[in-house]
Amino acid sequence: MDTALALVRHGQTDWNLAGRMQGRTDIALNATGREQAREAGRQLLDDGWELVLASPLSRAQETAELIAAELDIETGAPVADAIERSFGPFEGRVRAELTEEEVAAHAAESESREAVLHRMLRTLSDIVEVNPGRRILVVSHGAAMRITRDALAGRRIERGIYNGELLKIELSRLAQLTQELGLATAR
């Protein structure tokens with residue numbers, strides 16, 4: 001079987017529901033999020049996935065475990081660089097309440113889009129390199145996935161990534177973009 005890779009956004013948390021910026025704050029799934037993870041697993045039943053990896057945050061880890069249980073496949077060690085973008089002082093804040101001036105004044109305290117993209121591309125490339133011929137799901141986070149999706153698409157897509165949404169990664173485009181940006185993998 002050919003190598004395949006896809007990102008899955010973790011299930012809903014209470015902070016997602018409230019519109020709060022989570023970033024690296026470790027917020028657990030709520031009941032809806034657990035059901036979204038199970039449903040994602042059920043929708044992937046016939047796709048031949050073999051391994052589920054996840055960011056170290058509990059919402060991603062639990063999502064991975066629930067998907068793996070539905071698919072009756074294994075989970076692997078946490079993937080540190082699949083973690084969400086750090087939003088610094090904005091974590092815990094309601095996104096709609098932030099002003100443009102406030103965001104601009106504290107922009108340097110958040111992880112840059114470029115840093116997120118570079119670490120995501122490196123880690124996804126590493127996963128593919130270490131797992132040739134395997135079909136792998138990686139549970140990650142909304143901002144990290146949006147940044148990755150937009151870069152791979154070559155344009156900014158206005159729509160966000162929904163909780164439980166699957167984003168298939170075109171491996172040739174991943175390799176091309178990683179090379180264009182001069183990002184050596186860890187191996």
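Because the structure is a prediction, the values reported are computed rather than measured. Any value given below was found using the heavy atoms of this structure, including those in side chains, with hydrogens, waters and symmetry copies removed.
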Can you give the donor-acceptor pairs under 3.5 Å from side chains of residues 137-147 to other protein atoms, not counting sequence neighbours?
residue: Ser140; atom: OG; partner: Ala82; partner atom: O; Å: 2.7
residue: His141; atom: NE2; partner: Ser55; partner atom: OG; Å: 2.8

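- Listed by chain and residue number, Arg24, Arg119 satisfy the side-chain hydrogen bond (donor to acceptor under 3.5 Å, both in side chains) test with Glu111 (two or more places apart in sequence, or in another chain).
- Put simply, the side chain of Glu50 gets close to the backbone of Arg135: a donor and an acceptor are under 3.5 Å apart.
- For the pair Arg149/Ile161, a side-chain contact is recorded, criterion being any heavy-atom separation below 4.5 Å from C-beta on.
- In terms of the side-chain hydrogen bond (donor to acceptor under 3.5 Å, both in side chains) criterion, Glu114 has no residue partners (sequence neighbours excluded).
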For this session: Determine, stepwise, if the pair Gln36 / Asn163 fulfils side-chain hydrogen bond (donor to acceptor under 3.5 Å, both in side chains).
Result: CA-CA 7 Å; Gln36 288 170 332; Asn163 293 106; 4.8 Å; no
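- Within the 4.5 Å cutoff, side-chain heavy atoms of Leu177 are placed close to those of Glu180.
- Residue pairs meeting the ring pair (Phe, Tyr, Trp, His ring centres under 6.0 Å) criterion with at least one partner in residues 13-52, sequence neighbours excluded, are absent.
- A salt bridge (Lys or Arg N to Asp or Glu O under 4.0 Å) check over residues 51-62, counting only residues at least two apart or in different chains, returns the pairs Arg34-Glu62.
- Evaluation of the salt bridge (Lys or Arg N to Asp or Glu O under 4.0 Å) test over residues 88-100, restricted to residues two or more places apart or in two chains, returns Arg93-Glu102.
- Taking a 4.5 Å side-chain heavy-atom cut-off between Ile, Leu, Val, Met, Phe, Trp and Tyr, the cluster of Leu57 extends to Ile83.
- Evaluation of the salt bridge (Lys or Arg N to Asp or Glu O under 4.0 Å) test over residues 71-81, restricted to residues two or more places apart or in two chains, returns Glu74-Arg134.
- The side-chain contact (heavy atoms from CB on, under 4.5 Å) search around Leu45 returns Leu71, not counting sequence neighbours.
- One N or O on the side chain of Thr3 and one on the backbone of Gly133 form a donor-acceptor pair closer than 3.5 Å.
- Side-chain contact check for Leu181 versus Leu117: some heavy-atom pair is nearer than 4.5 Å.
- Checking side-chain atoms of Thr13 against main-chain N and O of Ala28 turns up no donor-acceptor pair under 3.5 Å.
- For the atom pair CE (Met120) and OG (Ser125), the distance works out to 11.0 Å, reported to the nearest 0.5 Å.
- Under the salt bridge (Lys or Arg N to Asp or Glu O under 4.0 Å) criterion, the residue pairs touching residues 157-167 are Arg159-Glu165, with sequence neighbours excluded.
- For Glu109, the side-chain hydrogen bond (donor to acceptor under 3.5 Å, both in side chains) criterion is met by His106, not counting sequence neighbours.
- Atom CZ of Arg122 is separated from atom CD1 of Ile127 by 13.5 Å, given to the nearest 0.5 angstrom.
- Hydrophobic cluster membership for Leu66: Leu29 (Ile, Leu, Val, Met, Phe, Trp, Tyr linked by side-chain heavy atoms under 4.5 Å, directly or transitively).
- At a threshold of 4.5 Å between side-chain heavy atoms, the hydrophobic network of Ile, Leu, Val, Met, Phe, Trp and Tyr places Val8 and Ile136 in two separate groups.
- Within the 4.5 Å cutoff, no side-chain heavy atoms of Leu152 are placed close to those of Glu170.
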For this session: Could you check Asn16 against Asp14 for side chain to side chain contact (heavy atoms under 4.5 Å, CB included), going step by step and ending with a plain yes or no?
Result: CA-CA 5 Å; Asn16 290 139; Asp14 288 341; over 6 Å; no
Exercise. What do the steps show when you test Gln61 against Thr75 for side chain to side chain contact (heavy atoms under 4.5 Å, CB included), and what is the final call?
Worked result: CA-CA 9 Å; Gln61 287 290 309; Thr75 58; over 6 Å; no
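- Taking the side chain as every heavy atom from C-beta outward, Leu51 and Leu53 approach each other to under 4.5 Å.
- By the rule that hydrophobic residues join a cluster once side-chain heavy atoms approach within less than 4.5 Å of another member, Phe87 and Leu98 end up as members of one cluster.
- Ser58 and Asp26 share a side-chain donor-acceptor pair at under 3.5 Å.
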